[in-house]
Amino acid sequence: MSDLLKPWQPSGRDPWDRDAASHLWRRAGFGAPPRLLDETLRRSPAEAADFVADGPEKDPATEELDGLHRVLFGMESADQYRAWLVMRMVRCGHQLREKTALFWHGHFATSLSKVREPVWMMRQYDLFLNLGLGRFPKLLASIVRDPAMIRWLDNDSNRKGHPNENFARELFELFTLGPGNYTEKDIREAARAFTGWLVLNDRFRFSKQYHDGGTKTVFGRTGSWGGDDILEITLEREACVRFLGRKLLQYFVVPNPSEELVDAVGAELRASDYDTGAVLRMLFRSRAFYDPLVRRSLVKSPLEYTVGAIRCLNAKPDTAALLPSLREMGQELLAPPNVKGWPGQEQWVHTAAWLARINTAERLASRADVSLRGEAAILRYGRDLLGRPVPDEAKKTLLQSGAGSRDLVRALLSLPEYHVN
Amino acid sequence: MTIDRRTFLKCSLCAPAAAVVPAVLMRAAFAAAPSDRVFVLLRLGGGNDGLNTVVPFEQDAYYNARPALGIGKGRIVELAGGVGLHPGLAPMRAAWEAGDLAVLQGVGYERPDRSHFVSTDIWHTASRDPQSRRTGWAGRALDAQAGTFGDRIPALHLGDEPLSLALVGETVVVPSVRDAERFTVRGGAKAAAILERLTNGKSGSDILETIRGSARRAYRTSERLSESLKGTRERAGYPQTPLGRRLWQIARLVEGGLGARIYAASLDGFDTHSRQAPVHDALMSTLGSALGAFYDDLKRNGMNDRVVLMTYSEFGRRVKENRSLGTDHGAAAPMFVMGGAAQGGLVGDHPSLTDLRDGDLKHHTDFRQAYATILERWFDVDARKILGAKYAPLPFL
């Protein structure tokens, strides 16, 4: 194992403290309310990583929300399902499951704008919730059979004799290998292997009649490959573990991971047969994860920002009312901007998105539980949001402003320091 | 690759060459002073089907390759030289007839990349080298004029999507807004003043500094936009579409003295792999009606000589339609350049429909030639420096 992935050993200068524990919850989830942080600090870092990776044994909030699942499918409303997803992020104890599902949604970015069937989109997101922490090959095999994905990338018109290359191209470019790791010919041949993978009566169906059973050569390997063969050949590529490793690191750890770290995570993915959950568990224990330079190196996504604020301030969530704000901030669930997903980092905070953020702060503050006032409010709410004390300069500005509690919370939510993760 | 002399001479409205060159220079000379000039960059996202945009309706090869998707000759808005516009672009006829619309044909680049993302980046950065794709061509053009902006906003991106890479410079940072009329801080000036002071922190990482910069820019842009839009006229003549709204806002901001040199906007949805016709027809109407209204507005309100608009898309689509009544990713495609300073007409021939490469149209004009033309003749900056090589300008400005 690479040194980078060895378990982190806290020390006097690099302690297991509130800052470290809130870092863990911000990355593996959507932030932690003060009480959960206290509880986390009673465990060792390794135990905390296990707690995060396993989720709580029993979680009433999850049970309650799961109970609504069938009702949602009957309603066939994308917005109701979106509000339910955001509520899960706010309330579910197994935060990593929700966070990872969102990762896969961005990875296999599919949009209702073209799919047009809310229930298909809901079923796809269910895959991310149910398989997201398992083995990637299984998730991938499910995704290529997913009706929303099939329609999204036009595989329903990929037929013997007239292949449609859209799915094969994105499979290599965005889902498994990354640009530069395949040729146009690989795409054309792979597209033939997925001919006849269709949707019939809302379900996946393999049509032998439309399938091209001929010989194909992909990555130099020749055979009468079918779609699953292509997936297997692709998953064996070295580029695949590195591509996936890099994306996991960019989402959970650091925007520009070193090649050494990418190699290390790639090797763990390979060794575990792409066990995402196991690799994340290792990451959340690792030295690399707790590196001070890694903390607060990411920009909060709109969901991390809003859900985190609700959780850290114990605010009353009205997630349906948040949906328009999320859209304005650039993160509408079930509708990523394109098949590449949300670009993240600097792109989350371009001026238009920033203005939407600070205007959302007003809404969030209006639902927060604010019993403290003045300096006490600044110190307490600031610490709960930032995971460390409010910077002196900001504290001075806020004190001078003479603002009321809600305006103070709004200002804290608008503090640039709150928007790094 | 540069446009050769023969191609140049063959294009229908620009022969003979001897008469053209002085006319080109004259138009530029009569145009607005460089600091008043505005450039609008309009992206057609997803890979626009150029062949059904500027249609070679006299060629059987077109109808043979497009048995279902071919647009009937009777519906075409005829231009010249055997090509015409998609019927949805009919509102652009006024600009064409006034000599204010140039149609650049056969534009692309060598070894075309068929990935949306890679090709979009290539167009935005004007670079084939992935390592050097950090800044955009228009952003570098702004860098080159950085000293002239004063405290004005150098350029503005309007749209739901993040800032276009085309506008990313080394030193100049461009704000983006979703809707210029609603770019306001809730809570008014008092709240905004406090929030602005909160961006004064010093310590922290580069990314935190990026966020602070963006926040300050947002507050400042909000002020400037509301100043420039104060007391603007009603939105008449524009279609009720996001693109119509954005072009209307651009015209008002130009008129209201925002001072931005470049505006960028986009129209998405051109990735028509299946059942293309209704989608593409609607997109063409959206584009045509918005551009027609914009042109009319600029002309009526005395701004036409100050504004040049250019459209582009990451690639065209394959000549032969696919069996899902759509088209797959292709290569060369046309671009439009519109404005009083534009030298109207066709620039370059329509690419051959029979001499194809991998089923795609071959380009004869590099997109960087179009950029070089804008850079040299509209912005008066050194195109070679910005594009990294010398590209022969085209006779459209």
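Order of the sequence lines sets the chain letters (A, B, ...), proteins ahead of strands, with each chain counted from 1.
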### Query
Checking Gln347(A) against chain B: side chain, backbone, both or neither under 4.5 Å from a heavy atom?
both
### Message
Heavy-atom cut-off 4.5 Å, strictly under: side chain, backbone, both or neither for His329(B) against chain A?
### Response
side chain
### Message
Quick check for you: to the nearest 0.5 Å, what is the distance between Arg323(B) atom CZ and Lys160(A) atom NZ?
### Response
13.5 Å
### Message
I need the Leu156(B) CG to Thr351(A) OG1 distance, nearest 0.5 Å.
### Response
7.5 Å
### Message
Do the side chains of Arg318(B) and Glu165(A) get close enough for a salt bridge, i.e. N-O under 4.0 angstrom?
### Response
yes
### Summary
Assert top hit (heavy-atom pairs under 4.5 Å, partner chain B, pool Glu393(A), Arg159(A), Glu328(A), Glu170(A)) equals Glu328(A)
#### Entry: Arg357(A), part contacting chain B, at a heavy-atom distance under 4.5 Å
neither
### Contacting moiety of Ala191(B), where chain A heavy atoms sit under 4.5 Å
side chain
#### Entry: Note, Leu398(A) side chain near Leu198(B) side chain (heavy atom, < 4.5 Å)
yes
### Query
Arg327(A), Lys114(A), His419(A), Lys340(A): which one forms the most heavy-atom pairs within less than 4.5 Å of chain B?
Lys340(A)
### Task
Select one option (side chain, backbone, both, neither) describing which atoms of Asp328(B) are under 4.5 Å from chain A's heavy atoms.
side chain
### Message
Please identify, among Val185(B), Asp113(B), Asp179(B), the residue contributing the most non-hydrogen atom pairs under 4.5 Å to chain A.
### Response
Val185(B)
### Query
Does a sphere of radius 6.0 Å around CZ in Arg357(B) hold more than 12 heavy atoms from other residues, nucleotides or ligands, not counting ones at 6.0 Å or beyond?
no
### Message
Donor-acceptor pair, distance only, cut-off 3.5 Å: does the side chain of Ser214(B) make one with the backbone of Val349(A)?
### Response
yes
### Query
Would the number of heavy atoms belonging to other residues, nucleotides or ligands and lying under 6.0 Å from CG of Asp206(B) be above 12?
no
### Message
With rounding to the nearest 0.5 angstrom, report the CG to NE2 distance, Asn166(A) to His116(B).
### Response
6.0 Å
### Summary
Interatomic distance, CD1@Ile358(A) vs OG@Ser222(B), rounded to 0.5 Å, equals 8.0 Å
### Message
Can you confirm whether the side chains of Thr210(B) and Glu346(A) place a donor and an acceptor under 3.5 Å from each other?
### Response
no
### Query
So do Glu184(A) and Arg114(B) actually touch side chain to side chain, heavy atoms under 4.5 Å?
yes
### Arg178(B) side-chain N/O to Ala352(A) backbone N/O, donor-acceptor pair under 3.5 Å
no
### Task
Considering non-hydrogen atoms only, spot the tightest contact between Arg186(B) and Asn359(A) and give its length.
N-OD1, 2.7 Å
### Spacing of CG belonging to Asp271(B) relative to CG belonging to Asn338(A), to within rounding of 0.5 Å
10.0 Å
### Message
Please report the interatomic distance OG1(Thr221(B)) to CG(Leu355(A)), rounded to the nearest 0.5 Å.
### Response
9.0 Å
### Query
Given a strict heavy-atom distance threshold of 4.5 Å, which part of Ala394(A) is in contact with chain B: side chain, backbone, both, or neither?
both
### Query
If you take all heavy atoms of Asp154(A) and Ser274(B), which pair is closest and at what distance?
OD1-OG, 3.2 Å
### Message
Under 4.5 Å from any heavy atom of chain B, what part of Ser113(A) do you find: side chain, backbone, both or neither?
### Response
neither
### Message
Within the 4.5 Å heavy-atom criterion, are Pro343(A) and Pro162(B) side-chain neighbours or not?
### Response
yes
### Message
With a 4.5 Å cut-off on side-chain heavy atoms, are Leu208(B) and Glu417(A) touching?
### Response
yes
## Note on the structure
Among Pro175(B), Ser205(B), Ala215(B), the residue with the most heavy-atom pairs under 4.5 Å to chain A is Ala215(B)
### Query
Heavy atoms, side chains only, cut-off 4.5 Å: are Pro416(A) and Arg212(B) in contact?
yes
#### Entry: chain B interface, residue from Asp156(A), Leu298(A), Thr397(A) that has the most non-hydrogen pairs under 4.5 Å
Thr397(A)
### Query
Within a reach of under 6.0 Å around NZ of Lys247(A), are more than 12 heavy atoms found that belong to other residues, nucleotides or ligands?
yes
#### Entry: When Leu415(A), Asn164(A), Leu153(A), Asn158(A) are compared by non-hydrogen pairs under 4.5 Å with chain B, the top option
Asn164(A)
### Message
Contact between Arg410(A) and Leu195(B) at the side-chain level, heavy atoms closer than 4.5 Å - yes or no?
### Response
yes
